[in-house]
Structures are given as C-alpha cells and as structure tokens.
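Owing to the predicted nature of the structure, the values given are computational and were not obtained by experimental measurement. Values below: all heavy atoms of this structure, side chains included; hydrogens, waters and symmetry mates excluded.
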Amino acid sequence: MNPEDADLPRKTYGFKPTQFEVVNKPTGDPGGSGPIDIHELYRKAAPPVKYARPAAAENEVHAILRENLAKASDAGLNDLLERPPRAASATTGSAWSP
C-alpha cells in the first residue's frame with residue numbers, strides 16, 4: 001500500500017432512498033386517500049362541453065331533399081349491386097411453384 005493512499009477516506013456504499021420526492025401535490029381532493037376513479041379523471045381531462053343547439057324546424061330544403069331521396073330510391077340509384085367474383089390472379093402461386 002502506498003503512503004499516499006492511506007490519507008484518502010474510504011468509500012462508503014449504500015442503497016438509494018426508497019421514497020420519491022413529491023414535487024407537485026395532487027389537486028382536488030385534499031385527502032387523496034381514496035381510490036382513483038377513472039371516470040373522474042376523464043371528466044377533468046375532457047374539454048368543456050359545448051352543447052349543440054336543437055335541430056331547426058322542418059323547412060322547404062328538408063322537403064326538397066326528402067323528395068330527391070324518394071326519386072332516387074324509386075329509380076334504384078340507392079340499391080347496392082352484388083359484386084362480381086374476382087378473377088384468379090395470374091401470379092397467385094407462381095412464386096412457389098417450379
């Protein structure tokens with residue numbers, strides 16, 4: 001052992017603290033001892049609710065649109081057609097066959 005090393009203090013090792021430092025205290029319930037309610041968190045995080053105004057009364061535009069829909073339905077424009085079967089692809093299976 002060198003004489004220079006004899007004057008140095010010994011290193012001490014220990015465990016890290018087991019508790020975290022609380023920087024931001026929770027707001028709302030001052031006790032904070034109760035269980036966390038996820039629905040309450042959703043309500044706090046959601047933007048303020050802007051209620052939609054009630055629908056306007058029926059007017060002539062609604063009547064015209066309803067009439068156009070009836071005409072299109074009678075003409076069969078709103079009917080869905082059956083999709084034709086797909087043709088087999090020329091490359092299907094060719095990658096693995098010799």
Side-chain angles (χ1 to χ4, degrees):
M1 183 182 241
N2 292 339
E4 301 163 359
D5 294 338
D7 295 337
L8 296 177
R10 293 185 59 114
K11 289 186 177 181
T12 56
Y13 298 97
F15 294 109
K16 292 183 178 181
T18 57
Q19 293 191 356
F20 296 102
E21 177 186 356
V22 178
V23 178
N24 296 326
K25 303 286 183 195
T27 59
D29 184 26
S33 60
I36 296 174
D37 181 25
I38 190 70
H39 299 292
E40 182 63 30
L41 292 177
Y42 286 152
R43 279 191 289 276
K44 287 181 181 181
V49 178
K50 294 182 179 178
Y51 295 102
R53 61 185 180 157
E58 291 289 319
N59 58 30
E60 61 189 54
V61 174
H62 290 111
I64 293 171
L65 290 173
R66 200 171 289 110
E67 182 181 321
N68 289 342
L69 177 63
K71 285 180 185 177
S73 295
D74 290 340
L77 298 177
N78 295 329
D79 296 335
L80 296 177
L81 301 176
E82 283 194 38
R83 196 171 161 181
R86 286 181 52 176
S89 176
T91 59
T92 302
S94 64
W96 298 107
S97 57

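Within 6.0 Å of CD in E58 there are more than 12 heavy atoms belonging to other residues, nucleotides or ligands.
Using a 4.5 Å heavy-atom cutoff, the side chains of H62 and E67 are not in contact.
Atom CD of E60 is separated from atom CG of L65 by 11.0 Å, given to the nearest 0.5 angstrom. One finds the CD1 atom of I64 at 8.5 Å from the CG atom of N59 (value rounded to the nearest 0.5 Å). Interatomic distance, CZ of R43 versus CD1 of I38, reported as 10.5 Å (0.5 Å rounding).
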